[in-house]
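Counting starts at 1 for both ligands and their atoms, following the listed order.
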Amino acid sequence: MKRGNFESPSSSDLPSSSRFKLNPEGDSEFLEDDDNTKNFARKVADHYSRRTNQTLEERESSPIIHLKKLNNWIKSVLIQLYTRRDDAVLDLACGKGGDLIKWEKAMIGYYVGIDIAEGSIEDCRTRYNGDADHHHRRKKYSFPARLLCGDCFEIELDKILEEDAPFDICSCQFAMHYSWTTETRARRALANVSALLRPGGIFIGTMPDANVIIKKLREAEGLEIGNSVYWIRFGEEYSQKKFNASSPFGIKYVFHLEDAVDCPEWIVPFHVFKSLAEEYDLELVLVKNFHEFVHEYMQKPEFLELMRKLGALGDGNRNQSTLSADEWEVAYLYLSFVFRKRGQSDRAGTRTAGRNNNGKMNISKDDILYINNEV
Ligand SMILES: C[S@@+](CC[C@H](N)C(=O)[O-])C[C@H]1O[C@@H](n2cnc3c(N)ncnc32)[C@H](O)[C@@H]1O
């Protein structure tokens with residue numbers, strides 16, 4: 001909706017796929033500093049590992065509680081739109097398993113979650129088992145699950161998950177931009193998604209909207225944008241606010257969101273993401289800024305009802321509390337996307353795959369596979 005209100009960055013400022021030489025070997029024309037990449041991956045992992053579970057009271061008093069509820073609504077809508085009963089799901093960067101209940105509602109058949117942050121995977125494990133005092137937990141989940149801890153933008157996941165694949169759905173919520181540090185990592189992320197999805201399988205996700213961030217940066221006086229709940233700061237190397245067309249990876253900024261995020265992130269020019277995804281047989285189905293997404297799916301009665309239940313915009317009755325203007329501005333910084341893996345759908349085949357041998361209904365600490373955590 002709001003998309004029309006801003007100009008897209010001009011093609012000379014942000015890289016366009018036709019100008020940028022996409023190299024299948026992953027060798028960028030510029031130097032990829034491997035150690036630096038690993039340090040950043042560790043920094044991101046440590047940041048998320050430190051964030052422990054909040055109590056219901058802490059959560060409800062968060063300055064961005066309505067934004068969190070809105071984000072949950074958007075993920076729920078995406079999941080409900082594209083998931084079918086008995087689907088096998090791969091949740092890349094699953095975090096603490098905040099989406100487990102959404103997958104339960106979609107009646108999936110199998111779940112594999114992977115995240116780089118050890119603390120988050122442990123929280124995910126206890127949440128899945130129903131051990132922890134999570135406010136959402138009522139009964140055990142009805143699908144078997146498997147958890148892995150590792151860098152899913154570095155590891156060749158198709159080898160590790162050979163027995164579990166193919167998946168019907170791959171989800172990467174609020175995390176794909178952590179792969180955009182180098183071309184090699186971005187390619188690994190998309191190669192993993194593509195290799196693990198069945199033909200016709202669906203890749204859903206959410207990530208920052210680079211167009212909005214760059215436009216806001218250009219409108220700002222300095223190298224920082226923000227409001228009462230967030231700030232984004234670019235380094236002095238971007239003082240011209242120009243971005244080299246041949247280097248669409250590794251464009252770093254620091255993101256601070258009250259009570260949520262405080263770590264380095266990377267700009268993902270969407271047209272580059274789309275071209276790269278196409279190389280890996282992933283065809284774009286949908287891309288929408290969160291503002292547009294909300295306006296569009298609020299028109300559907302079932303999703304409007306879900307919004308009332310989640311309470312992001314108040315419950316329509318006594319609870320009039322709603323998203324603040326500053327939280328709504330943060331929502332504008334994000335987009336949702338859907339891709340489909342090229343090829344004929346062969347859904348029945350995925351059900352008989354040997355994946356359930358790896359899945360557990362109760363996950364012990366020893367069941368978690370830790371992969372190459374020397375990041
Ligand atoms: C904003 S959180 C989102 C968590 C979850 N997807 C959700 O929507 O609730 C971002 C997550 O990405 C994870 N992450 C970042 N880089 C990663 C990587 N290279 N491999 C796996 N997970 C990663 C973080 O540990 C964190 O849990």
Query - Salt-bridge contact D46-K43 (side-chain N to carboxylate O under 4.0 Å) - result: no
Report task. State whether the shortest distance between N or O atoms of D91 and N or O atoms of ligand 1 falls below 3.5 angstrom. Result -> no
**Report entry** Of the listed options C263, G119, A93, closest to atom 4 (C) of ligand 1 (non-hydrogen atoms)
**Finding:** A93
Report summary line: atom 13 (C) of ligand 1 sits nearest the protein heavy atom D115 OD2, 3.3 Å
Requested in this report: May I ask whether A41 places a heavy atom under 4.0 Å from ligand 1?
Outcome: no
Report summary line: Within the 4.0 Å heavy-atom cut-off, what K75 brings close to ligand 1 is side chain
Requested in this report: Indicate yes or no: does an N/O atom of G98 lie under 3.5 Å from an N/O atom of ligand 1?
Outcome: no
Report task. Give yes if a backbone or side-chain nitrogen or oxygen of D151 is under 3.5 Å from a nitrogen or oxygen of ligand 1, and no if not. Result -> yes
Report task. Kindly confirm or rule out an N or O of S120 lying under 3.5 angstrom from an N or O of ligand 1. Result -> no
Report summary line: Ranked by distance from atom 17 (C) of ligand 1, the top protein heavy atom is I116 CG2, 3.5 Å
Query raised in the report: Hey, mind stepping through Y110 and D87 against side-chain hydrogen bond (donor to acceptor under 3.5 Å, both in side chains) and telling me if it holds?
Result: CA-CA 7 Å; Y110 183 42; D87 271 355; over 6 Å; no
Report summary line: heavy-atom search around atom 16 (N) of ligand 1 in the protein gives Y178 CB, 3.6 Å
Requested in this report: Assign the ring pair F143 / Y141 to parallel, tilted or perpendicular, where the plane angle (0 to 90°) is split at 30° and 60°.
Outcome: tilted
Report task. Flag the pair E154 and R188 as a salt bridge only when some basic side-chain nitrogen lies within less than 4.0 angstrom of an acidic carboxylate oxygen. Result -> no
Query - Non-hydrogen atom of E154 closer than 4.0 Å to ligand 1 - result: no
